[in-house]
Amino acid sequence: MFNKILIANRGEIALRIIRTCREMGIKTVAVYSTADRDSLHVRFADEAVCIGPPASSESYLSIQRIMAAVEITNADAVHPGYGFLAENADFAEVCAEYGIKFIGPTPEQIMKMGDKITAKETMIAAGVPVVPGSGGLLTDVETGLKLAKEIGYPVILKATAGGGGKGMRVVWKDEEFEPAWNTARMEAKASFSNDGIYMEKYIEEPRHIEFQVAGDQYGRVVHLSERDCSIQRRHQKLVEECPSPFMTDELREAMGNAAVKAAEAINYEGVGTIEFLVDKYRNFYFMEMNTRIQVEHPVTEEVIDFDLIKEQIKIAAGEPITGPNRYPTMHAMECRINAEDPNHDFRPSPGRITSFHSSKGHGVRVDTHVYAGYTIPPYYDSMIAKLICRARTREECILKMERALDEFIIEGIKTTVPFHQKLMKDENFRKGNFHTGFLNTFDFKDKE
Ligand code: MV4
C-alpha cells in the first residue's frame, strides 16, 4: 500500500480524498494556489505545498509544478480527483516516468476514451450498442450532406476531441447542414486544437443514464449500477440519482452487462463511468467513457454502501476487486449547490460566505470544503457543496431532500438552493417524468 498520496486537486474532492486516506492510514499532501491558502484541504492534509498563482494554468494544471511538489514531499502516488489533470494522458505518462503511481487508468486507456471516434470504434468491436452514424471522421460538406440524408434528419455533429457538449451541432434539414458544419469545426478547432468532426443520428429527448464500473489490474471488471443525470442545464449536471426512475430490472441487467463489456474491451484499470443515452423506448447507446472519479460518485456510495475512493486506491496498489456487481437497495439523490444566481442565468456569485449552516440528520450527507467566513475565489468552478440524501424510496428521498434544503443556510452569496427547492416540488420531476431537455422548459425563477 502507498505511504503518501499527493492530491493534485482542490475543493471538496481534495477533502473527500484526504478523508479516505486518513481512514486507510495513508499520509496526504495537499497542493494549493495562492487563492486557496485558507482552504480546508490545506488544513486537513498532513503537508501542503503552494504551487503557484490563482490561474489554473500556472497551478492545478501545471504538470511541472505538481511533479516538483511530488519530489520535495516524497509522495509515492498522485490522486488527480476530477477536472484539472484527471483525464490528461501526458500527466499519467509523466507520473509513470517518475515512478509515481497515478491513481487511475493507464495513459493508453485515457487516450483511447478521450478520442470519441476511437472510443466508438472500440465499443462497436466489443459489441456495445452505439448510435448509428458516420463511423469515422467526416471529410467534407458534400459527403456529410449525403450521409445526413441516408441516416435521416435530425443528425448531430460532434467533435472527436470533444465531450461534455462542446463543438456539438444538431442539424434538422439540408439547408442547415453547411453552417452547422462550419461552426462545429470552428468551435472544435478553438476548444481542442482538433477540428475532427463525426456524425450521428440525433436521439430526441434522451435520458442520460451512466454506469459506475471498476476494473482491477488483472482484467476483472464489475459494475456498481447506474446514476440518472438527466437533470442538466447547458451540460452542467444539477441533480443525480440512483436508481434511475426510468430503470427496470431488465434494462439494468442489459446496460450493466454492456458497461462491463465496454470496460473489459480496454482492460480498464480503476473506477470509471460508461455514459449512455437512453431513448423513450428504452433503447440505449454508448455515449462516452469518463476515466476518472466523478462529482456524483457519492450517489453510488450511498446506495451500495461502498467507498469508491478507497476502491480506487486499492486497485492502484494492485489489489484485486472483491465481490460481484452491486445493486441499489436504497434511493439516493444529490443536489449540486453552486455559488450561482438561478434568477440571472446561473451567473457565478463568488465572494465571502457570511453565515453557513449545513443540513444534518439521518440520511443526509454534505460534501463541502466551505465554512462560515470562507471566501469563494472567482477563478475556479462554482460548486461549493453537494447535498446527498438517502432513503428507502424515491418519494421519501425527495421529502428528505426538501427538508434538508430548507435547513441549509448559506448567506453572503447567491446559491442554487432555491432552484432545487422548486425542482423538488415539480410534478413531473416527482413522477420521474423527465429527460435531458427538461430544464429548458422548467420555470425556476422567482416571481418579480
Ligand atoms: C447526443 C444527443 C442526442 N443524440 N447524441 C451531450 C454531451 C455529449 N456527451 C453528448 N451529448 C448529446 N449527444 C446523439 N446522437 C444529445 C446529447 C445531449 C445531452 C446528453 C446528455 C445529457 C444532456 C444533454 C443535453 C443536450 C444534448
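For ligands, and for the atoms within them, numbers begin at 1 and follow the listed sequence. All values derive from a computational prediction rather than experimental measurement. Numbers here simply count residues along the sequence, with the first being 1.
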* Applying a heavy-atom distance cut-off of 4.0 Å, which protein residues contact ligand 1? -> V131, I156, K158, G164, G165, M168, E200, K201, Y202, I203, H208, Q232, H235, L277, M287, E288, T436
* Is R282 close enough and on-axis enough to F246, meaning under 6.0 Å and within 45°, for cation-pi? ->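 Checked: cation-pi criterion met.
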* Partners passing side-chain contact (heavy atoms from CB on, under 4.5 Å) against R430 (at least two apart in sequence or in another chain) ->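 Testing R430 for side-chain contact (heavy atoms from CB on, under 4.5 Å), a comparison that skips the adjacent residues, returns I398, L399, E402.
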* Can you tell me which residue pairs pass the salt bridge (Lys or Arg N to Asp or Glu O under 4.0 Å) test with a partner in residues 128-156, sequence neighbours excluded? =>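 Matches after skipping sequence neighbours: K149-D174.
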* Do R227 and E240 pass the salt bridge (Lys or Arg N to Asp or Glu O under 4.0 Å) test, and can you show the C-alpha distance, the side-chain angles, and the key distance before you say yes or no? -> CA-CA 6 Å; R227 292 182 292 257; E240 306 93 352; over 6 Å; no
* Evaluate the criterion side chain to side chain contact (heavy atoms under 4.5 Å, CB included) for residue pair F442 and F429; output intermediate values, then yes/no. => CA-CA 10 Å; F442 175 63; F429 178 76; over 6 Å; no
* Listed partners of K101 passing salt bridge (charged side-chain N to carboxylate O under 4.0 Å, His left out), at least two apart -> E269
